[in-house]
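The structure under discussion is supplied below as structure tokens; questions concerning it will follow.
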Number of protein chains: 2
Amino acid sequence: MSRIDAPSPSGRRSSRRVTLADVAARVGTSTITVSRALRRPEMVSPALRARIAEAVHELGYIPDPAAQALASQRTSVIGVLIPSVTNNVFSDVLSGVYSAVSGTPYKVQLGNTRYRSETEEELIRVFLSQRPAGLVVAGVDQTPEARTLLERAGCPVVQIMDLAQDPIDMMVGFSHHEAAQAATEHLIAQGYRAPAFIGARMDPRSTRRRAGFRAALDAAGLPVEGHEMVTNDASSVSLGGTLLDRLLAQAPETDAVFCNNDDLALGVQFAALRRGFRIGESFGVCGFNDFEVNAAAYPTLTSLRTFRHDMGRTAMEKILARLDDRDPGPRIADLGFRLMPRESTRRG
Amino acid sequence: MSRIDAPSPSGRRSSRRVTLADVAARVGTSTITVSRALRRPEMVSPALRARIAEAVHELGYIPDPAAQALASQRTSVIGVLIPSVTNNVFSDVLSGVYSAVSGTPYKVQLGNTRYRSETEEELIRVFLSQRPAGLVVAGVDQTPEARTLLERAGCPVVQIMDLAQDPIDMMVGFSHHEAAQAATEHLIAQGYRAPAFIGARMDPRSTRRRAGFRAALDAAGLPVEGHEMVTNDASSVSLGGTLLDRLLAQAPETDAVFCNNDDLALGVQFAALRRGFRIGESFGVCGFNDFEVNAAAYPTLTSLRTFRHDMGRTAMEKILARLDDRDPGPRIADLGFRLMPRESTRRG
DNA sequence: TTGACGCATGACAGCGCTGTCAATAAGCAT
DNA sequence: ATGCTTATTGACAGCGCTGTCATGCGTCAA
């Protein structure tokens, strides 16, 4: 009984898988040559290569990733660790990731850290056990253990969404501190004299944004004390309104709000409309990220545009470049940000 | 030279992987017993099991998924095929998927079909080549080839987001036709006499929603002709405003709009505020899905709530139940919908 | 006491592929 | 013609794990 005719041991599948051996038998060559024809075509003569390609097509051969991984000690899986799948920020990043990876033989595997570093560390272990081709992690604030694991990963690693001086390997992000500072300076420049900060889900990046807000107030000689309203709860539009209520109870003189993100800013704006505030004139609102809704909102909502899609795409392109032995560019890529002034801070 | 001491052939990794053999050697048992202790603990005596667990912990053993997959002809990967990673509808579904899968040994692998059935079919082939433990696909409108592939997949398959009479295997969704009809009936019941439909990204589910809209108008004896404004472009908030402009140019008598989704509805509402319409009174707006923003919007936005998180979670629970030989419940799960009447259709 | 039975454990092969090294043919300068 | 390099192909083993079947041992009814 030849190996090829043997039924699968478990009998779970009715149709036996088409293997390299089947293709090789059809062409009359060896399995290793078929393998090479598929993975490193330049090593196989054009004539043989064509016959192999034909047989592959006729038989509908698809490589078994598990066997490839086991034999080669590498996979085509690129792991992406993000804190949330519902946060629009990360869906944009993901769309960039997928746009870069589509058309390549690599696959994305997502890990949801839920904003918890223990979960992140655990997921890193799980991913590494798969010998991934590359890894993308959100943020620069990994635990020391996680950092060590990643440094020894033996594959390209990109930290995204933030910047720091000591990349594990590569980094694609922007300065949250500077971006928030620029936003706050805009409020001050527009003449608002009592700007406040509203924040939810105070992760490390949000904390840096608050620091940028404080730096701008300090530089302008404006008081910070009492002009912040933050929570660690998950962000939402309605929470923006809630936090505005609390803020105004605490600091009624507030004439502008810089929000951690656009959801909160939208919620603030809806609540301000209810209160009859003249948004943009006596009351300024600025968001963060600049989602598509901002330009359509009533009034249109000032924000700090971040390049989330580009971050995902660039991170993945750097990994792919390294895997292909091409130049991945600078270790640290600062994608910057851009102030988008709109009606909500127009000042008449 | 013992096998265990042999250097890895490629030398790519500095630290050799901890294998089952290492654990077995430490405990003084065989690899197969260690394997069983981990996968089917009831087959191993408690005493041995405890010593194995200790050795696993001390050595930091993590199984190699590729080797497991190759030997057992099954993986712990559950594939999820969705049309978009940025559409909030699918991020909610995903969060449900991840909530069900977290804590289990299964991993989610995402496929982005980009609303194209050829891409979907190709991804199904790629996923099947990995022998997934289960598969989740969006919609019920697979190509005949895709259907055949999925029927022969040899693993649990769940179609989500929609309902039909002939599930490939299992189905979790709701009736888009009935939901849209209910929304339109609400507009009519509130006294709007010239309701229109606005839609973008007219995929099969959107098309069924339009059919529901038409059915409601027909039943009420109201004209459909000229009261629809649709596009196949991707949906966005600003597009809602654009489509409203076009609609009003075509049918100025329009006194209410039922939108394909909440993004469009929000855009319609913003544009209507700009035009000075009295939203909810002389001009009604109704969305679809009921995102969190709706309840906070100004005015609050009527919508049809769908249970997206639950769809993802239920689909995954059904797969996990089948994998554990538990009862997955009915083949077809109708999660329904719920009208959420708010200010935007209040009628004074 | 004996045979049947179930439980716990082990030996062995092989999943489908690729790394390594060997073999052969072809090309080329001397 | 000779020796050497380059291009093309193949043989073989083994990646780390699990399915299958075999073995040993204690239990229990007859």
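To find a chain, count down the sequence lines: A is the first, B the second, and so on, and within it residues start at 1.
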I'd like a table of donor-acceptor pairs (distance under 3.5 Å, sequence neighbours excluded) in which one partner is a side-chain atom from residues 97-104 of chain B, with atom names and distances.
{"unit_1": "Ser99(B)", "atom_1": "OG", "unit_2": "Gly96(B)", "atom_2": "O", "d": "2.9"}
{"unit_1": "Thr104(B)", "atom_1": "OG1", "unit_2": "Val101(B)", "atom_2": "O", "d": "2.7"}
{"unit_1": "Thr104(B)", "atom_1": "OG1", "unit_2": "Tyr106(B)", "atom_2": "N", "d": "3.2"}

Exercise for the section: Can you sort out the partners of Glu118(B) under side chain to side chain contact (heavy atoms under 4.5 Å, CB included), two or more places apart, ordered by chain and number? Expected result: Arg116(B)
Practice task
Give a yes/no answer on whether the side chain of Arg74(B) brings an N or O atom under 4.0 Å of OP1 or OP2 in dG19(D).
Solution key: no
Practice task
Check whether any side-chain nitrogen or oxygen of Arg39(A) sits under 4.0 Å from OP1 or OP2 of dG19(C), and answer yes or no.
Solution key: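 So the side chain of Arg39(A) is within the cut-off, an N or O lying under 4.0 Å from OP1 or OP2 of dG19(C).
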Problem - Phosphate OP1/OP2 of dC17(C) contacted by Gln68(A) side-chain N/O (<4.0 Å) - result: no
Exercise for the section: Would you kindly give the CG-to-P distance between Leu20(B) and dA13(C), to the nearest whole Å? Expected result: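 After rounding, the reported distance stands at 19 Å.
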Handout entry: Atom-pair distance (CG on Asp22(A); C1' on dC17(C)), nearest Å
Key = 13 Å
Compile the donor-acceptor pairs under 3.5 Å between side chains in residues 45-59 of chain A and protein atoms, sequence neighbours left out, one pair per line.
{"unit_1": "Arg49(A)", "atom_1": "NE", "unit_2": "Pro41(A)", "atom_2": "O", "d": "3.1"}
{"unit_1": "Arg49(A)", "atom_1": "NE", "unit_2": "Val44(A)", "atom_2": "O", "d": "3.3"}
{"unit_1": "Arg49(A)", "atom_1": "NH2", "unit_2": "Pro41(A)", "atom_2": "O", "d": "3.4"}
{"unit_1": "Arg49(A)", "atom_1": "NH2", "unit_2": "Val44(A)", "atom_2": "O", "d": "3.0"}
{"unit_1": "Arg51(A)", "atom_1": "NH2", "unit_2": "Val27(A)", "atom_2": "O", "d": "2.7"}
{"unit_1": "Glu58(A)", "atom_1": "OE1", "unit_2": "Arg26(A)", "atom_2": "NE", "d": "3.0"}
{"unit_1": "Glu58(A)", "atom_1": "OE1", "unit_2": "Arg26(A)", "atom_2": "NH2", "d": "2.4"}

Handout entry: Non-neighbouring partners of Arg331(A) that pass side chain to side chain donor-acceptor pair (under 3.5 Å), sequence neighbours left out
Key = none
Practice task
List in numerical order all residues of residues 49-65 of chain A for which some heavy atom is under 4.0 Å away from an atom belonging to DNA chain D.
Solution key: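 Within residues 49-65 of chain A, no residue comes under 4.0 Å of DNA chain D.
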Practice task
State which residues pass side chain to side chain contact (heavy atoms under 4.5 Å, CB included) with Pro83(B); sequence neighbours excluded, sorted by chain then number.
Solution key: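 If we apply the side chain to side chain contact (heavy atoms under 4.5 Å, CB included) test to Pro83(B), skipping adjacent residues, the hits are Phe90(B), Thr113(B), Tyr115(B), Ala138(B), Arg205(B).
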Problem - Expected output: side-chain Asp92(B) to main-chain Val89(B) donor-acceptor under 3.5 Å - result: no
Practice task
Only counting residues at least two apart or in another chain, list the ones meeting salt bridge (charged side-chain N to carboxylate O under 4.0 Å, His left out) with Glu145(A).
Solution key: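 Salt bridge (charged side-chain N to carboxylate O under 4.0 Å, His left out) list for Glu145(A), sorted by chain: empty.
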Handout entry: side chain to side chain contact (heavy atoms under 4.5 Å, CB included) involving Thr148(A) - partner list, sequence neighbours excluded
Key =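 Applying side chain to side chain contact (heavy atoms under 4.5 Å, CB included) to Thr148(A) gives Arg152(A).
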Exercise for the section: Would you indicate, yes or no, if dG16(C) has its OP1 or OP2 atom less than 4.0 angstrom from a side-chain nitrogen or oxygen of Gln73(B)? Expected result: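 Checking dG16(C) against Gln73(B), a side-chain N or O does come within under 4.0 Å of OP1 or OP2.
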Exercise for the section: Send over the distance from Leu70(B) CG to dC15(C) P, rounded to a whole Å. Expected result: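 Rounded to the whole Å, the gap is 9 Å.
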Exercise for the section: Give a yes/no answer on whether the side chain of Ser35(B) brings an N or O atom under 4.0 Å of OP1 or OP2 in dT18(D). Expected result: yes
Exercise for the section: Applying side chain to side chain contact (heavy atoms under 4.5 Å, CB included), name anything that partners Ala71(A), two or more places apart in sequence or on another chain. Expected result: none
Please list, pair by pair, any protein nitrogen or oxygen found under 3.5 Å from a nitrogen or oxygen in nucleotides 4-9 of chain C.
{"unit_1": "dT9(C)", "atom_1": "OP1", "unit_2": "Ser45(B)", "atom_2": "OG", "d": "3.0"}
{"unit_1": "dT9(C)", "atom_1": "OP2", "unit_2": "Ser45(B)", "atom_2": "N", "d": "2.9"}
{"unit_1": "dT9(C)", "atom_1": "OP2", "unit_2": "Ser45(B)", "atom_2": "OG", "d": "3.4"}

Exercise for the section: List in chain and number order the residues that pass side chain to side chain donor-acceptor pair (under 3.5 Å) with Ser117(B), two or more places apart in sequence or in another chain; answer none if no residue qualifies. Expected result: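 If we apply the side chain to side chain donor-acceptor pair (under 3.5 Å) test to Ser117(B), skipping adjacent residues, there are no hits.
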Problem - Length of the CG-P vector between Leu38(B) and dC17(D), whole Å - result: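 In whole Å, dC17(D) P lies 9 Å from Leu38(B) CG.
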Exercise for the section: Would you mind reporting whether Arg74(A) and Arg131(A) have side-chain heavy atoms less than 4.5 Å apart? Expected result: no
Write out a two-atom table: protein N or O, nucleotide N or O from nucleotides 25-28 of chain C, distance below 3.5 Å.
none

